[in-house]
Amino acid sequence: MREITLSKAVNEAIAEEMRRDPSIFVIGEDVAEAGTPFKVLSGLVEEFGTERIIDTPIAEPGFMGIAVGAAMTGSRPIVDLMFGDFLYLVMDQLCNQAAKTHYMSGGKLNVPLVLRTNLGATRRSAAQHSQSLHALVAHIPGLKVAMPSSAYEAKGLMKTAIRDNNPVVIFEDKLMYQDKAPVPEEEYFIPFGVANVLREGTDITLVATSSMVQVALKAADILAAEGMSAEVIDPRTIVPLDEDTILKSVRKTSRAIVIDEGHQSYGITGEIASRISEKAFYHLDAPVQRMGAMDVPVPFSPALEDVTVPTEQTVAERARLAIRGDLFHAA
Amino acid sequence: MREITLSKAVNEAIAEEMRRDPSIFVIGEDVAEAGTPFKVLSGLVEEFGTERIIDTPIAEPGFMGIAVGAAMTGSRPIVDLMFGDFLYLVMDQLCNQAAKTHYMSGGKLNVPLVLRTNLGATRRSAAQHSQSLHALVAHIPGLKVAMPSSAYEAKGLMKTAIRDNNPVVIFEDKLMYQDKAPVPEEEYFIPFGVANVLREGTDITLVATSSMVQVALKAADILAAEGMSAEVIDPRTIVPLDEDTILKSVRKTSRAIVIDEGHQSYGITGEIASRISEKAFYHLDAPVQRMGAMDVPVPFSPALEDVTVPTEQTVAERARLAIRGDLFHAA
Amino acid sequence: MSAAKKANSNRDDYLRMYRQMVRIRAFEDNANQLYLSAKMPGLTHMYSGQEAVAVGICEALTCDDKITSTHRGHGHCVAKGANFKEMFCELLGKEEGYCRGKGGSMHIADQANGNLGANAIVGGSMGIATGAALSARRLGKTDVTVCFFGDGATAQGLMYEVMNMAALWRLPVIYACENNGYSEYTRTDEIAAGSITARAEAFGIESHQVDGQDVLAVNKLATDLVARARKGEGPFFIELMTYRYHGHHVGDINREYYRPKDEEAEWKSNRDPIANFGKWLEDQKIVTNDELVSINKDIKAQAEEAVAYAEKAAYPSVNEVDMHVFASSAA
Amino acid sequence: MSAAKKANSNRDDYLRMYRQMVRIRAFEDNANQLYLSAKMPGLTHMYSGQEAVAVGICEALTCDDKITSTHRGHGHCVAKGANFKEMFCELLGKEEGYCRGKGGSMHIADQANGNLGANAIVGGSMGIATGAALSARRLGKTDVTVCFFGDGATAQGLMYEVMNMAALWRLPVIYACENNGYSEYTRTDEIAAGSITARAEAFGIESHQVDGQDVLAVNKLATDLVARARKGEGPFFIELMTYRYHGHHVGDINREYYRPKDEEAEWKSNRDPIANFGKWLEDQKIVTNDELVSINKDIKAQAEEAVAYAEKAAYPSVNEVDMHVFASSAA
Ligand SMILES: Cc1ncc(C[n+]2csc(CCOP(=O)(O)OP(=O)(O)O)c2C)c(N)n1
Ligand SMILES: Cc1ncc(C[n+]2csc(CCOP(=O)(O)OP(=O)(O)O)c2C)c(N)n1
Ligand SMILES: [Mg+2]
Ligand SMILES: [Mg+2]
């Protein structure tokens, strides 16, 4: 199968959907001629014109609000938010307006929009351009949240997001834009709420999101070399969350680590770990471990930044402890 | 001891601190003559004048930003955010600026400010005036988060918050403003990161925040009448979180329920429950239960709104299941 | 009603405007009564006194044209074509309400008549209105959108963000600022520096100020601007000078500390939009006093009937609480 | 330097302005080189071409006066008095940097010289600057604060929120809009409707436009406005017409798709602030060409020395990663 970059995969997904449905448009900063600073949307304005690939002033709350109103009146906007760190600026329009409109109107108004943005540290982009803020939106009822972990995932999830009748937030990993993966030529969709078991195993379940999926897979390699067998699961969407696949796995392996690049405290690892602990309690041979980013603003200095996120080594080390039973007795 | 309302307790805390330290000022909408819509600040403008009790236009991002700048330059602002639901509007200034400035400047700049706001549903205020959004700020490193559960707590925590050299967000319960509790005449402080054991018990630990502390205490009464003994713990601050007190309790009772009025999914119950499961795993006789608000926007209709939050009955029922061992076998 | 038809205004048009203003007043009198007799959950904001604004503007719109409304939104809702029954049902949280009781007073939406909803975030609908205008233009419709908001909302930055885009893109949106002299308990001159219309003009937006108590003046201006916006000459900005008769909300009874009683008396006795228009209609011999009295009586009866109906109507079933969080997404 | 002293400008003042501009240019040339030779982590935004703005304004300020800076902030930092060594150390993430390597290029702060910090959120510092001005006034200081931001930042709603408050409260703040014709890859006229200065004037703020390439013109205006702001006649708004020589950031090399080469050449050859000022100094016989050449040479050497120093300097210890999340809070 051909291999394309995650960037190209997103581009294709949007282009295919836009060809099909004229009510879709893209709105954001430097999305047209520049094709975004990450060049993800390059070429779209040439095909669809500036009426559908709309460059905005630097006014995130404003164009987020405009997208909500457009979505309520027959359009299907794709909002481009250049950095996930700017989510804070659009929270009111996203969480007070987009997320609640369908419910508050008793089901009469819909807000079918996609907010595409990104996450991920270790780019030396410092504290205001390196955050992974998916936990904030996952907490708000009415928003769906997708976290693609490869080019294949990015295309399939984006196409599903665009056809969803609700506000969907997609977090792409900034560091993965140039990563290639096999992506079929034929159209496909990845349904929301269906986790992906990337690797089967028997000793421990590694639940990992987005950027951390690769980390988990590499940790599984390390463990395999040492004779331990890790199952790796990518939830793909954290809202809705495919609890069943995760629970089934943990009931088999009896151990789990949840790995995510958001800050650990009050982040998504707590939710997933809690659901496992609640619903597979009887099966657990070790406490469910959580590995998020450190609870510090992301430091600029490479010497500091790299230690703030989980790595294959730290994940493998925690898995070893769990499998050996060291965690059990410590708790 | 005299009894005063939570509203009065907050008012006293601010007034006492303002008398002591001229660098403190209050800023927000209708805080001066009106004393806020909840009348919490009544009388302050008469004592401190409009230069220190500052009425603003309806511009939450703006006055939040102004407070950050003032805090960086020798003032100690107390920001009044009329409804917790408006947090979305100030997220950038709070989370990208206030929370990160000390860290980003390598410790050179401080942002000593207090953001006082509220939480709590069942006031028939509908989806945009009823949210409990403390999980959002608890997730962001650099912010401290206090959740007073009575007039006594409100005064002591507010005084500590005002003297803290960091941005502190305090969530008051809207429904509790008129609730009275004994509050000493003498000055006192409640330190951050020290949980309060409100009731001792042996069969189960109920960890409850803010509005849910009363619910937990009443549930404990119901259980006591049935011969079951619940320990009730109020963490007081969720950042920093007093893990030790909670763990000590759970190691004794072997069971826990975490009760909070924020939406359950990706909220604070997951964090607290996970820490218990991680660190007291060996001691647990039942999975740690979580009870948050339902994952729905808050509905207006009284017929719907009341079922969205935990009540003493639902808490007691869950506790019964845990104590009887019914949860253990189901998981 | 089409702009062409409006230009040639006639007896029917006048009477409909009169009736619509009386309907708003009757609605509010009953809503206030429901609150005072503790039959209404929560609280609500009365539109009484501002009727000529909503009616003068909405009578210049077709049913397909859109509006966005505010916390003080009953007037806009009635003027845009809503029925009493569904409105009162919504205010009481009943299943037959426009939003099945989920929205309540602050979130009434009536999309069938082009009302995209009230909003409890001050200024929160400015993006939505602008987006509806963008959507209409992109989808080849000729709809115009009117964004209603108060003088207080001009302090929200969102307004400037979306006015900039509306001006750059020449969107068919009309920003209608209802300057009723106060936001909550604060006089407009204390919270608005400079000139409100100049702020819109600075973005190159044609702006007008009009007497908001004169329904014909409002309607004439609106008819002209709507027609021009439809032709692509928008956006426009209107500042409508008006007054609210009640407190900020129904519970705001003692307001002398921020607003003199004789000011209220002056507006009510000499500048009432309904009384003055009725007098003009009589003076012009368009109607007799008897006819007006009978209109008033009929509408009063209709309102009371609707209230009685709503009081008896059923609450939504508790099962509805988690319906409408997400719209279904047939691909 | 005091305003009085500036008015009587003299050779020393001129030479300091010249030197400061050359220092900025030298800093940027070296920073660019560090990036191109892959020695600098992340990326950075060059101030070259805009030197007269930062220097003209900062030379009108005392050390105690405050500034807030932007992503394109090296110029402001140098102009406000910073040293090369600590700046280069910061850019390289070294412990001796102004922020111990935690901030990096986009967050350099130098509070000792009144620089409250660069900001990676466009417009993010507008509240901070306004708050610093409020703080100074409340604490009885005579500090003036200058808020630097770009033309693109005028699209952020925050600006209008804080200008409104600054105008209402007559704060000693000067909003300095550096209009360099572009925000990222977009021309200013595509993202700014109407007139930028008129927007400030609409709030009753006195506004000026000035040639940002003419350091004396900038300094004269700034000196006047700073003196007036100090007397309580503020706020003020200045639009400074200028140009950035490099791409949006150091990696933005091919920019013909958004900006013609001859436009760049025109500004560089005919409107360079340093060359033109140097020429004027020579024409006025204030300095000889030899003197200028020797100044340039000295500064170049100092910059290179600082770079060499920074390259060899140590990274912060990994233990620092969770230091400075919170300031200590001695009560
Ligand atoms: C973002 C936000 N801030 C504050 C409030 C609280 N609030 C509700 S109405 C109101 C005053 C609005 O004034 P104005 O826009 O003039 O409308 P009016 O009430 O006069 O119709 C305020 C401050 C709110 N609902 N939303
Ligand atoms: C809130 C926000 N939106 C978008 C960006 C991405 N961004 C960084 S610089 C920039 C352009 C800023 O233009 P301008 O204000 O004119 O400053 P200049 O770069 O020209 O100095 C943009 C869009 C950002 N950093 N912050
Ligand atoms: Mg008003
Ligand atoms: Mg610019």
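Of the N and O atoms on the side chains of C:Asn115 and C:Asn113, not one donor lies less than 3.5 Å from an acceptor on the other residue.
One finds a salt bridge joining A:Glu187 and A:Lys159 here, because a Lys/Arg side-chain nitrogen approaches an Asp/Glu carboxylate oxygen to under 4.0 Å.
For A:Asp21, no part sits under 4.5 Å from any heavy atom of chain C, backbone or side chain. In this structure, chain A has a heavy atom under 4.5 Å from the backbone of C:Met323, while its side chain stays farther away. Contact annotation for A:Phe192: neither backbone nor side-chain heavy atoms come within less than 4.5 Å of a heavy atom of chain C. With a 4.5 angstrom heavy-atom cutoff, C:Val173 does not touch chain A via any of its atoms. Proximity to chain C (any heavy atom under 4.5 Å) is shown, for A:Val168, by neither the backbone nor the side chain. Neither the backbone nor the side chain of A:Ile58 comes within contact range of chain C, judged by heavy atoms closer than 4.5 Å. The contact between A:Ile27 and chain C is made entirely by side chain atoms (from C-beta outward), counting heavy-atom distances below 4.5 Å. Contacts of C:Leu168 with chain A are made by side-chain atoms alone, with heavy-atom separations under 4.5 Å and no backbone atom involved. When heavy atoms are compared at a cutoff of 4.5 Å, A:Glu51 approaches chain C by way of both its backbone and its side chain. Within the 4.5 angstrom heavy-atom criterion, only side-chain atoms of A:Asp92, from C-beta onward, approach chain C. Both the backbone and the side chain of A:Lys144 come within less than 4.5 Å of a heavy atom of chain C. Interface residue A:Pro22: only backbone heavy atoms are found under 4.5 Å from chain C. Using a 4.5 Å cut-off between heavy atoms, C:Leu116 contacts chain A through both its backbone and its side chain.
By number of non-hydrogen pairs under 4.5 angstrom with chain A, the leading residue of C:Ala109, C:Gly157, C:Gly124, C:Gly103 is C:Gly124. Most heavy-atom pairs under 4.5 Å with chain A, from the set C:His107, C:Met106, C:Arg100: that is C:His107. When each of C:Asp143, C:Asn164, C:Ile121 is scored by its heavy-atom pairs under 4.5 Å with chain A, the top score falls to C:Ile121.
The ring of A:His129 has its center closer than 6.0 angstrom to the ring center of A:Phe83.
At distances below 3.5 Å, not a single donor-acceptor pair connects side-chain atoms of C:Arg138 with backbone N or O atoms of A:Arg52.
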Residues A:His102, A:Asn165; criterion side chain to side chain donor-acceptor pair (under 3.5 Å); working and verdict: CA-CA 10 Å; A:His102 185 67; A:Asn165 286 327; over 6 Å; no
